Structure formats: structure tokens, C-alpha cells
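In the text below, chain A, chain B and the rest are named by the order of the sequence lines, each starting its count at 1. Note that this is a predicted model, so its numbers are computed, not measured.
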There are 2 protein chains.
Amino acid sequence: MTGVSQATVSLVLNGRDDGNVRIAPETRERVLHAIRTTGYVADPVARRLAARHNRILGVFTYEPVFPTGTGDFYHPFLVGIEECAERLGCDLLLLTSAPVAGGRRRIFHDDNRLRLADGCVLLGRSLDRDELTRLVTEDQPFVSVGRRDDAGGPVPYVGADYPTATAAVVRRALAAGHTALAYLGQGAGPESHADRMRGFRAALDEAGRTPRHLPTTDRSPAELLDALLAAGVTAAVVEEYADGVAIAQLARERGLDIPGDLSILALGDPTRPASTDIDFTGFRIPRREMGWQSVEVLTGLLEADPETVPQRLVPCQPVDGATLAPPKVIP
Amino acid sequence: MTGVSQATVSLVLNGRDDGNVRIAPETRERVLHAIRTTGYVADPVARRLAARHNRILGVFTYEPVFPTGTGDFYHPFLVGIEECAERLGCDLLLLTSAPVAGGRRRIFHDDNRLRLADGCVLLGRSLDRDELTRLVTEDQPFVSVGRRDDAGGPVPYVGADYPTATAAVVRRALAAGHTALAYLGQGAGPESHADRMRGFRAALDEAGRTPRHLPTTDRSPAELLDALLAAGVTAAVVEEYADGVAIAQLARERGLDIPGDLSILALGDPTRPASTDIDFTGFRIPRREMGWQSVEVLTGLLEADPETVPQRLVPCQPVDGATLAPPKVIP
DNA sequence: GCCGCTCGATAATTCGTATTAGCACCTTGA
DNA sequence: TCAAGGTGCTAATACGAATTATCGAGCGGC
């Protein structure tokens with residue numbers, strides 16, 4: 001149309017005006033005019049092929065991306081991720097095509113589509129250790145949402161600062177006069193559980209009190225409540241919000257006063273569907289913020305920005321709530 | 001690694017075994033082994049450039065994809081979309097990079113990334129008509145979630161059958177003895193509103209009753225309730241669930257009995273955050289199903305499958321609810 | 001020994017853009 | 001008049017795969 005070469009069109013299209021590149025204003029205008037009248041748009045695919053990157057960020061979850069059974073626990077993470085991606089002008093690729101093998105999705109398989117994206121955000125309670133190791137050793141750019149132990153090298157992550165938040169909650173209970181506290185939950189396994197347990201122990205050790213642990217696996221709320229009462233526990237520190245709800249409801253049905261007879265402290269948001277009617281004392285996981293920051297870290301990694309700290313702990317937001325009261329003094 | 005050419009790798013990778021293409025089983029196995037051990041994956045971008053498709057489906061919404069203000073109205077659509085994409089082995093590209101111009105995201109702009117995907121699912125209350133026209137005329141493969149009027153040609157869509165569902169609700173009210181019914185809402189503008197209104201009018205015409213319309217724009221719940229009562233309306237047919245909640249709550253505060261004094265019928269799910277305590281009579285939008293089917297239609301379009309019906313209306317699920325009762329007989 | 005045929009694999013080209021070295025032309029100054 | 005330097009643009013190539021025409025080897029038949 002303009003009798004000009006493809007290279008020139010490319011240069012004009014990208015508004016190049018460096019030292020080496022020079023286009024006569026008259027030519028530039030002619031090309032721009034042709035572009036405008038034809039509505040020409042550079043093919044993004046070819047563009048990406050040449051540029052060697054996509055501005056696409058992958059999102060991989062071991063659970064379905066849009067959760068139904070997990071009571072939307074992951075939703076706020078995604079909101080943060082999307083917000084940040086939008087601000088950065090990146091698109092989000094949900095890696096839904098990953099096939100399920102052995103009950104979980106797998107990142108690595110014969111038709112691995114990870115490289116569709118420039119980098120990848122990993123979401124999920126616990127990540128497969130082998131896959132994590134492979135990601136690290138293969139030098140795939142990725143960030144985990146949630147702290148992860150090293151796996152063949154340091155893992156970039158944006159996690160919630162569970163130790164600090166849990167310790168703070170425990171200290172509040174101690175300050176209120178409690179001496180018999182118990183941790184309800186796994187306290188091990190996924191990093192997020194182990195971290196809570198560490199905070200719990202640290203705060204009690206610091207106060208010279210004995211930390212007690214009540215594992216929840218395969219035990220009904222009734223069994224747990226019985227165990228709590230039998231042990232003379234006055235403040236239950238609950239790993240999983242939904243467990244707290246179950247115990248609180250059961251206790252009230254039995255005529256117990258919460259928090260009069262038993263204080264209950266919730267370490268985070270429900271990861272299973274649960275009523276949120278009870279205003280638990282505890283903390284909130286800064287999920288949106290974590291999602292946002294995970295994208296920041298990922299893009300920092302991609303740009304090899306030396307300023308970017310690839311391992312971050314975000315503080316949790318304390319919740320005053322109404323389930324902590326001084327223990328009853330036994331006369 | 002295998003001493004084999006790029007072409008051979010490509011052929012093995014794609015499992016080609018046509019008449020013209022022949023690979024010795026031994027070679028094929030050697031290449032496959034190398035692929036497996038290195039975890040090699042074809043660059044999807046290059047693949048798309050050459051093959052013109054890449055099993056990526058775009059998802060474009062005029063609102064943020066992970067909604068916060070819309071009370072998760074879009075969430076179920078996404079669940080359905082994800083489920084179907086997963087089953088088909090497709091990945092989902094959330095087109096979050098689309099910049100906002102004039103208060104809305106725009107599909108078409110200087111760095112249009114739509115073509116990164118094979119096709120695109122469009123989500124949103126109302127789609128920009130110009131952009132829709134351009135999609136149709138440029139022959140971009142896409143599907144709208146929600147019925148759309150023609151825009152320079154027929155628009156592929158998967159919509160909810162609002163006319164039928166609304167007419168059914170109205171007939172129930174008529175059967176219960178109501179004669180003074182009013183439609184609360186816009187009743188125009190987006191197709192989904194116009195469709196409800198059509199169903200409303202059709203059912204009333206059929207019964208020889210006068211359809212009344214109470215526009216909601218810029219009117220407070222109090223004004224609306226006053227207007228309803230002044231007009232002697234006994235059954236309010238509410239376009240937007242959240243409006244129904246506001247009016248019902250206000251009415252009860254004023255000592256009115258719902259549905260004794262006023263029946264309220266909700267035409268769908270809340271698109272704004274709203275309490276769902278009230279068990280409204282009305283219907284539910286088959287959002288998950290719509291999401292699922294939209295992906296089906298899109299892939300049908302991509303494969304030029306002649307079986308695929310590119311315009312579908314999905315029936316809504318009736319809800320009995322507790323907000324419809326016979327009108328009070330004025331003695 | 002030559003032709004024809006099948007089998008296996010590859011060289012070469014394509015997709016549409018970004019990038020860079022370098023060419024042709026012009027001006028300037030000695 | 002010619003080297004030096006500047007200007008405006010283009011040819012060529014890369015990006016990483018898919019595709020196709022073609023090539024060489026091996027083999028049987030005459």
C-alpha cells in the first residue's frame with residue numbers, strides 16, 4: 001500500500017525512534033495512515049514468537065481453579081492475582097488441561113503446557129514435592145502462594161506469616177489469664193499447619209506453659225470436645241476454622257457458654273464450607289494481598305529484578321472477635 | 001540427542017501416522033524416550049503460529065473476571081466453563097490485560113491479544129455492540145454467554161430462556177389469583193432484561209390482563225414500595241433479586257406480610273450482593289450449565305462441526321419458594 | 001545391471017513479526 | 001574531487017514449530 005518494507009511497518013508500528021532507527025516523519029505518517037484506514041493489528045502470536053515472551057502468567061492449582069467444595073477459600077487469592085495481572089497488563093492462563101493422575105492434577109505430564117506462560121503461580125494447600133523439585137531444578141520461573149520448604153533449592157513464595165499471627169493469638173489468650181491451651185489440628189504436614197504449630201509452641205514456651213496438641217484426624221467434634229473438657233483445657237486454638245464452628249455449635253448445644261466456659265481461637269479462614277455466624281477471635285489470612293504479591297514476585301523473577309525479594313511472609317490481620325474471655329476461676 | 005531431525009521430532013510429537021508420513025517404530029520410541037526424559041514440550045506459541053490453533057480458549061469479561069462487587073454472580077459460569085475446558089483438555093486464558101477505556105474493558109485495542117486463543121467466551125451483562133459487530137464481521141470464533149441480538153450477523157450464544165421462565169412465574173401468580181401484577185426493573189437495555197419483560201407481557205396478554213411496568217432506575221426501595229401499594233399491585237415481579245430483597249425487607253419493617261399482603265417473584269439470581277435469607281419464588285439461572293455449554297458451542301464452532309447449534313437457550317430452574325400466596329380478598 | 005517400488009527420514013519452506021547490519025544516497029568540508 | 005559522516009530505508013535472519021516435496025537406501029524382478 002505504501003510501497004514500504006515490512007521492516008519499516010514494524011518499526012513504525014512500535015514507534016521505534018532510537019539512535020539506530022530513523023524513519024522520515026513523512027514516511028512514518030504515510031504508514032500510520034495506512035494502518036489506521038485498514039485497521040491492521042499485528043498478530044499477537046507472531047509477535048510473541050519473536051519476542052520470546054508472552055505477558056501470560058500461568059495459574060496452576062491442584063484443586064479446581066474455581067472451587068466449589070472448598071467454600072471459595074481460593075477465590076480471594078485469585079482476585080488478588082487478577083488485580084495485579086490486570087495492572088501489569090498480563091493475561092492469566094488457567095492450566096485447566098492438566099490431567100488428573102492419582103487423585104490430583106499433575107504439572108508435569110506428556111503434554112505439559114506450562115510453557116504457554118512466561119511464569120506460573122502455584123496455588124494449593126500442599127504442593128507435590130517432586131514436582132516442586134523439578135520446577136526448581138529446571139529453573140522454571142514460578143511462585144508458590146504459601147510458604148514452602150526448600151525443594152532442591154529455595155522455593156520462591158508469598159506466604160502468610162502464620163507463626164507470628166498464631167503466637168500473637170496465643171499471647172492474647174495468655175494475657176487473658178488462660179494457662180491450659182490446646183492446639184486442635186494436624187500441626188504438621190503442609191507448611192501452613194506446621195507454621196501455626198510453631199507459633200503456638202513458641203508463645204507457650206516463652207510464657208513457660210506446656211503446649212498441648214489434640215490431633216483432629218478421624219475424630220468427631222464430639223470426641224474432640226470431650227477430650228478438651230477432660231483435659232481441663234480453657235482455650236482451644238483451632239487450626240481449621242470449620243472445626244472451630246463444629247465444636248462451638250456442639251458446645252452450645254450442650255449448654256456450655258462460649259467463651260465463658262471455653263474460649264475458641266481460630267487460626268485463619270475456613271478452607272471448608274462453614275457458617276461464619278460466629279465471630280471468632282483469631283486472625284484472617286491476607287489472601288488477596290498474597291495473590292497480588294505473588295504476581296509481583298513472579299514478574300520480578302521474570303525480569304530478573306534484583307530488588308525483588310522472592311520469599312515473602314505477609315502479616316495476617318488480627319480479629320478481635322467474641323470467642324475469647326478470661327477463664328472461669330474455679331472457686 | 002537422538003540424531004534425528006526437527007521434522008521427525010515434530011512428526012513423533014504429534015503422533016502422525018498418515019499415508020505419507022512413516023516413522024520406524026524404533027525411531028519413534030527413541031524420540032519419545034528423549035522427550036520423556038527431557039520433559040520437552042513444544043512451544044505453544046510457535047505451534048499456534050504454524051498450526052493456527054493451540055487449545056487455548058479465551059475468556060473475556062467486561063467486569064473483572066473474579067468478581068467482588070457483583071456478589072459472585074459470574075462465579076458459577078466460570079465453574080461450568082472450567083469444568084468443560086478441563087474435560088476437553090483445553091486451557092483457559094483470562095484476558096485480564098485488556099485495558100479499561102471509558103469505564104469498561106475493551107476487546108479491541110492496539111495490542112489486541114484475543115488471537116492468542118483459538119476462540120473466546122464472552123461474559124457480561126451487556127456487550128459492547130460495536131465490538132460485537134467487529135467480532136462477527138472479522139469472523140473471530142466466539143460465543144456469548146447470554147443471548148445477544150444480531151450484530152452485523154447472527155451472534156453465537158448460550159443464553160438463559162428468560163421469556164419462558166418469566167412467563168411460567170407469571171402464570172403461577174395468575175393461577176394463584178393475582179390480577180394486578182407489576183414488573184419491577186428496567187425491562188429494556190440488555191437482552192436479558194428485555195427477554196424477561198417479553199415473557200412477562202406474553203403471559204399477561206395471554207390471560208387478558210394488563211401488564212404494568214415500574215422502572216427501578218434512580219428510585220429508592222421506599223419509593224418503589226410506595227408506588228406498588230399506591231397502584232394496588234398484589235404481585236411484584238422483580239427483575240433483580242437484590243431489589244426484591246430490599247423491598248421485602250422494607251415491607252416487613254413497615255409491618256406488611258410477605259407474601260400475605262404482597263407477593264414477590266424474583267426473576268433469577270442476585271447480580272448484586274444481597275442476602276439470600278428470603279426464599280423467593282421465581283427461578284434460578286442455569287449458570288454452570290450455561291458456562292459448560294458455551295465451551296461446547298465454541299469448540300463446535302472451532303471444529304466447524306455442522307452438528308453444533310450455535311445459538312442455544314437453556315431452561316431456567318423453577319423455584320417454588322415462599323413469597324407467593326393468593327392475594328388478600330378485600331371484603 | 002537396471003528399473004521400479006517401498007520405506008524412512010530430512011531439507012526446505014511457511015506462519016507473521018522483531019531486529020540488526022548494512023546499502024545507497026546526500027551533505028559537508030578540506 | 002574525494003573521504004567522512006549522516007540519513008532513510010531495506011534485506012536478511014531469528015523465533016519454534018508444522019508441513020511437504022524429495023532424497024537415499026534397500027530390495028525384488030527381469
- Crowded around B:Asn20 CG? As in, over 12 foreign heavy atoms under 6.0 Å? no
- Query: Which listed nucleotide (D:dT19, D:dA18, D:dC9) is nearest to the side chain of B:Arg16?
  - Reply: D:dT19
- Are B:Glu191 and B:Arg148 ion-paired here, with the side-chain N under 4.0 Å from a carboxylate O? yes
- Task: Mind calculating the distance between CG (A:Asp18) and P (C:dA21) to the nearest angstrom?
- Result: 13 Å
- What does B:Arg22 touch in the nucleic acid at a heavy-atom separation under 4.0 angstrom: a base, only the sugar-phosphate, or nothing? base
- Item | Sugar-phosphate, base or nothing in reach of B:Val4, heavy atoms under 4.0 Å | sugar-phosphate
- Which class fits the ring pair B:Tyr74 and B:Phe77: parallel under 30°, tilted 30 to 60°, perpendicular over 60°? tilted
- Figure out the CD/C1' separation between A:Glu26 and D:dT7, and round it to whole Å. 15 Å
- Message: Between P on D:dT20 and CG on B:Asn14, what's the gap in Å once rounded to a whole number?
- Response: 13 Å
- Figure out the CZ/P separation between A:Arg52 and C:dT17, and round it to whole Å. 18 Å
- Does B:Ala7 or B:Leu49 map to a spot on DNA chain D nearer the 5' end, using the closest nucleotide for each? B:Leu49
- Message: What is the distance, to the nearest angstrom, from the CG atom on A:Leu13 to the C1' atom on C:dG16?
- Response: 12 Å
- Closest to side chain of B:Ala51, choosing from C:dA18, D:dG8, D:dA18: D:dA18
- Nearest-Å distance for atom pair CG/C1', residues A:Asn20 and D:dG8: 13 Å
- Sugar-phosphate, base or nothing in reach of B:Arg48, heavy atoms under 4.0 Å: nothing
- Task: Measure the distance from CG on B:Leu11 to P on D:dT22 and round it to the nearest whole Å.
- Result: 17 Å
- Task: May I ask you to verify if any side-chain N or O of A:Tyr40 is less than 4.0 angstrom from the OP1 or OP2 atom of C:dG16?
- Result: no
- Item | Under 3.5 Å side-chain donor-acceptor pair for B:Arg113 and A:Asn54 | no
- Task: State whether the distance check finds a donor on one side and an acceptor on the other, under 3.5 Å, for side chain A:Gln6 versus base C:dA18.
- Result: yes
- Task: Would you mind telling me which of D:dA18, C:dT17, D:dC9 lies closest to the side-chain atoms of A:Thr8?
- Result: D:dC9
- Item | Euclidean distance, atom CG of residue B:Asp43 to atom C1' of C:dC15 [Å, nearest integer] | 13 Å
- Query: Could B:Asp91 and B:Arg55 be called an ion pair, given the rule that one side-chain N must be under 4.0 Å from one carboxylate O?
  - Reply: no
- Query: When we call it a touch if two heavy atoms are under 4.0 Å apart, what does B:Val45 touch: a base, just sugar-phosphate, or nothing?
  - Reply: nothing
- Considering only heavy side-chain atoms of B:Thr27, the closest of D:dA17, D:dT10, C:dG8 is C:dG8
